[in-house]
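These numbers come from a predicted model, not from an experiment.
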Amino acid sequence: MSKRYFGTDGIRGRVGQFPITPDFMLKLGWAAGKVFAREGRSKILIGKDTRISGYMFESALEAGLSAAGVDVLLTGPMPTPAIAYLTRTFQANAGIVISASHNAYGDNGIKFFSAEGTKLPDEIEHAIEAQMDLVMTTVDSASLGKARRIEDAPGRYIEFCKSSVPVGFNLSGLNIVLDCANGATYHVAPAVLSELGANVIEVASSPDGLNINEACGATAPQRLQKVVVAEKADLGIALDGDGDRLMMVDHLGEVIDGDEALFIIAERMHQRGVLQGGVVGTLMSNFGLEQSLAKLDIPFVRANVGDRYVMALLAENDWVLGGESSGHVVCRHLTSTGDGTISALQVLRAMLESGKDLHDLKKGMHKMPQVMINVRTTAKVDIRSVESIQQAVKDVEAQLGNSGRVLLRPSGTEPLVRVMLEGEDKEFIQKLCEELAKEVGKALEALVSHE
C-alpha cells in the first residue's frame with residue numbers, strides 16, 4: 001500500500017505549501033501521538049535544525065502531541081543523528097526531527113525515529129496516515145501532554161560522539177577546518193573536535209535561520225577547499241544542515257566523498273580485524289569502491305539509493321558498515337543512523353593509527369570516472385520492460401566489458417531518467433553515455449507519442 005505523505009526520508013517540501021504547513025504539522029503531531037499512545041502513556045522527543053521555520057513547526061507539533069495526551073521533550077537545534085541517540089537514551093517512544101537536511105532554508109520536513117533510534121517501520125507510518133483521516137480531538141485537560149526542554153542535550157551528544165573513539169584518542173597537533181553548513185552541528189561538532197585536542201578553524205558555524213546550506217557544507221565543499229589550502233590546514237570536514245552527511249578535504253584541497261570515507265573506515269576496521277561481514281553501498285556507489293574492497297576480500301553489496309535501504313540491508317546481513325557517495329556513512333556498531341561527526345572521527349582514527357595523512361589514505365581506493373546524463377520524460381513506465389532500452393544497455397555493457405558499469409535509474413523526485421556510466425577512460429564513457437542517453441530519450445519519446 002502506497003503512502004500519501006511519507007517518502008523514503010520522511011515528509012519534505014516547500015514551507016507554506018501542503019503538507020509543509022502549520023495546520024498539517026498540528027494534525028500530524030496529534031495523529032502520531034494517538035498512534036504511539038495506544039500502548040499507554042507516551043513521550044516523544046522533538047529536535048530541529050537551524051532553519052527559521054523550525055520554530056513554527058516545533059510549536060505546532062508540540063500542540064498536536066499534547067492534545068493527544070503525549071509528553072514532549074524539546075532539544076532545540078540538534079543534528080538528526082543526535083535525535084536518534086537521545087530518543088534511545090531518554091527511552092522515548094519516538095523521536096521527531098524537523099529538517100530538510102541539505103536543502104535550502106525555504107524547505108522543511110519531518111523525520112521520525114523509532115524508540116531504537118531507527119527509521120519508523122512502514123506499518124507505523126501507515127497507521128499515522130490513517131489517523132490523519134480522523135477528526136482531531138483533545139484529551140481531557142488532566143491528561144494533556146506536558147512539555148519540557150532538555151537543557152543538556154548538546155553536552156550529552158558531544159560526549160556520545162567522543163565515546164565513539166578509544167580512550168586516549170588525541171587530535172592535538174592537527175589543524176582542522178570545520179564547515180557546519182550553518183546548520184544543526186554548529187554548537188556541537190566544533191566542541192567534539194576541540195575537546196579531543198584539535199585546533200579547529202570554523203567555517204559556516206553562525207546560523208541565522210536563512211543561511212543553512214547556503215554555498216557551504218557537504219553539498220558545496222568549494223569554500224572549504226579554499227580555506228584548507230589558505231590556512232595550510234591538515235584537512236577539512238564538511239557536514240550538511242542536519243549533520244548526517246560528511247565530506248572531507250585533504251591538505252591539498254582535494255575532496256574525499258562518501259565512498260572514499262567509507263573505504264578508509266572499512267580498510268582500517270579490516271586491518272584491525274573488527275569489520276563484521278562486508279560493506280553495503282548503493283546503486284550509485286563508485287565502481288572503484290567495489291573493486292578496491294574486492295582486493296581486500298571484503299564483501300560488497302548494493303542497496304537502493306537512500307540511507308533507509310542501506311540500514312535495512314546492513315540489518316539483514318548483520319553487517320556494521322555502509323553508506324552512500326553523497327556522504328551518508330553508517331557505522332552501525334557505534335550508532336543507529338548516519339552520523340557525519342562520528343564518521344569523521346572514524347576517518348581521523350584511521351589517520352592516526354596508520355600514520356598516514358588523508359591524501360595518502362584515499363589513494364587506497366581507485367575512484368573511477370563517472371558520467372551522468374539526465375533524460376527528461378513524461379512517460380510513466382518501468383524502463384526495465386522497454387526492450388529497445390534494455391538492448392541499448394546491453395550493447396554499451398558489451399563495449400565496457402569488466403572495466404565499467406551502466407546504471408539507469410528513474411529519479412524519485414523529478415520527471416527524469418538518470419543515465420550513468422563508470423569506466424577507466426573518461427572520454428570513452430562520456431561518448432558511450434551520450435549515445436545511450438540519446439537512445440533512452442528516443443525510446444521514451446516513442447512511448448509518449450504512442451500514449
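- Put simply, the side chain of Ser66 never gets that close to the backbone of Ala63: no donor and acceptor are under 3.5 Å apart.
- Not counting sequence neighbours, Phe428 has no partner by the ring-ring contact (aromatic ring centres under 6.0 Å, His included) test.
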Atom pairs and distances, side-chain donor-acceptor, residues 315-323, under 3.5 Å, sequence neighbours left out:
| unit_1 | atom_1 | unit_2 | atom_2 | d |
| --- | --- | --- | --- | --- |
| Asn317 | ND2 | Leu313 | O | 3.1 |
| Asp318 | OD1 | Gln276 | NE2 | 3.4 |
| Asp318 | OD2 | Gln276 | NE2 | 3.3 |

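- Looking at Glu353 and Arg349, a side-chain N of the basic residue comes within less than 4.0 Å of a carboxylate O on the acidic one, giving a salt bridge.
- Between Glu58 and Arg149 there is a salt bridge, since at least one side-chain N of the basic residue sits less than 4.0 Å from a carboxylate O of the acidic one.
- The closest side-chain heavy-atom distance from Leu45 to Ile96 is not below 4.5 Å.
- The line from CG of Asp242 to CD1 of Ile212 is 7.5 Å long, rounded to the nearest 0.5 Å.
- Using a distance-only test at 3.5 Å, with no hydrogens or angles considered, no donor-acceptor pair links the side chain of Gln17 to the main chain of Gly13.
- Minimum interatomic distance between Gln346 and Val165 (heavy atoms only, all atoms of both residues): NE2-CG1, 4.2 Å.
- Counting heavy atoms from C-beta outward, Val393 and Val440 have side chains that stay 4.5 Å or more apart.
- Residues satisfying the side chain to side chain donor-acceptor pair (under 3.5 Å) test with Glu260, not counting sequence neighbours, are none.
- A donor-acceptor pair is defined here as one N or O able to donate and one able to accept, closer than 3.5 Å; no such pair exists between the side chain of Ser164 and the backbone of Leu334.
- Judged as a side chain to side chain donor-acceptor pair (under 3.5 Å), and not counting sequence neighbours, the contacts of Arg4 are Asp133.
- The side chain to side chain contact (heavy atoms under 4.5 Å, CB included) test with Ile256 singles out one residue from Leu246, Asp250, Val249, and that residue is Asp250.
- A salt bridge links Asp244 with Lys111: at least one charged nitrogen is closer than 4.0 Å to a carboxylate oxygen.
- Phe90 meets the ring-ring contact (aromatic ring centres under 6.0 Å, His included) test with no other residue; sequence neighbours excluded.
- Here Phe6 pairs with Phe112 under the ring-ring contact (aromatic ring centres under 6.0 Å, His included) rule; sequence neighbours left out.
- Remark: Arg12 engages Asp9, Asn103 in a side chain to side chain donor-acceptor pair (under 3.5 Å) (not counting sequence neighbours).
- Of the possible donor and acceptor atoms, one in the side chain of Thr50 sits under 3.5 Å from a partner among the backbone N and O of Asn182.
- Between Pro22 and Ala60, the closest heavy-atom pair is O-CB, 3.6 Å.
- Applying the salt bridge (Lys or Arg N to Asp or Glu O under 4.0 Å) test to Asp360 and every residue at least two apart in sequence or in another chain returns Lys363.
- Taking 4.0 Å as the cut-off between side-chain N and carboxylate O, Lys119 and Asp307 count as a salt-bridged pair.
- A heavy-atom distance below 4.5 Å is not found between the side chains of Asn199 and Ile176.
- Residues Asp357 and His251 form a side-chain contact, since some pair of their non-hydrogen atoms from C-beta on lies under 4.5 Å apart.
- Side-chain polar atoms of Ser336 and Arg88 form a donor-acceptor pair below 3.5 angstrom.
- Closest approach of Asn402 to Phe287, counting heavy atoms only: O-CE2, 3.8 Å.
- Checked by atom type and distance alone, the side chain of Ser292 never pairs as donor or acceptor with a backbone atom of Leu289 at under 3.5 Å.
- Salt bridge present: Asp122 and Lys3 bring a charged side-chain N and a carboxylate O closer than 4.0 Å.
- Between Tyr85 and Tyr157, the angle of the ring planes lies from 30° to 60°, which puts this pair in the tilted group.
- Between Arg405 and Glu290 there is no salt bridge, since no side-chain nitrogen of the basic residue lies less than 4.0 Å from a carboxylate oxygen of the acidic one.
- With Phe263 as the partner, the side chain to side chain contact (heavy atoms under 4.5 Å, CB included) test is satisfied by one option alone out of Ile298, Val279, Leu296: Leu296.
- Residues meeting the ring-ring contact (aromatic ring centres under 6.0 Å, His included) test with Phe36, sequence neighbours left out: none.
- Between Val188 and Pro79, the shortest heavy-atom contact is CG2-CG, 3.8 Å.
- Residues Ile158 and Cys161 form no side-chain contact, since every pair of their non-hydrogen atoms from C-beta on lies 4.5 Å or further apart.
- Minimum interatomic distance between Met56 and Val15 (heavy atoms only, all atoms of both residues): CE-CG1, 4.1 Å.
- Looking at heavy atoms from C-beta onward, Ile128 lies in side-chain contact with Leu28 at the 4.5 angstrom threshold.
- Residues passing the side chain to side chain donor-acceptor pair (under 3.5 Å) test with His366, sequence neighbours excluded: Glu424.
- Here the closest non-hydrogen pair linking Asn286 and Gly288 is OD1-N, 2.7 Å.
- Side chain of Asp49 to backbone of Gly183: no donor-acceptor contact under 3.5 angstrom is found.
- A donor-acceptor contact closer than 3.5 angstrom is absent between the side chains of Asp208 and Tyr105.
- The backbone N or O of Gly145 sits nowhere less than 3.5 Å from a side-chain atom of Asp71 that would complete a donor-acceptor pair.
- For Arg51 (side chain) and Asp107 (main-chain N/O), a donor-acceptor pair under 3.5 Å exists by modelled atom type.
- Taking the ring centre of Tyr55 as origin, the terminal cationic atom of Lys48 falls inside the region bounded by 6.0 Å and 45° from the ring axis.
- For Glu435 and Lys431, the salt-bridge test passes: some basic side-chain N is under 4.0 Å from an acidic carboxylate O.
- By the salt bridge (Lys or Arg N to Asp or Glu O under 4.0 Å) test, Glu324 is found to be paired with no residue, residues two or more places apart in sequence or in another chain being considered.
- Counting heavy atoms from C-beta on, the side chains of Val371 and Glu434 never come closer than 4.5 Å.
- The closest donor-acceptor contact from the side chain of Ser205 to the backbone of Glu202 lies at 3.5 Å or more, if one exists at all.
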Throw together a table of side-chain donor-acceptor distances under 3.5 angstrom for residues 215-237, partners on residues two or more places apart or in other chains.
| unit_1 | atom_1 | unit_2 | atom_2 | d |
| --- | --- | --- | --- | --- |
| Gln225 | NE2 | Gly253 | O | 2.8 |
| Asp234 | OD2 | Asn175 | N | 2.7 |

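- Between Glu116 and Ser114, the side chains place a donor N or O and an acceptor N or O closer than 3.5 Å (distance only, hydrogens not considered).
- A donor-acceptor pair is defined here as one N or O able to donate and one able to accept, closer than 3.5 Å; such a pair exists between the side chain of Asn211 and the backbone of Ser206.
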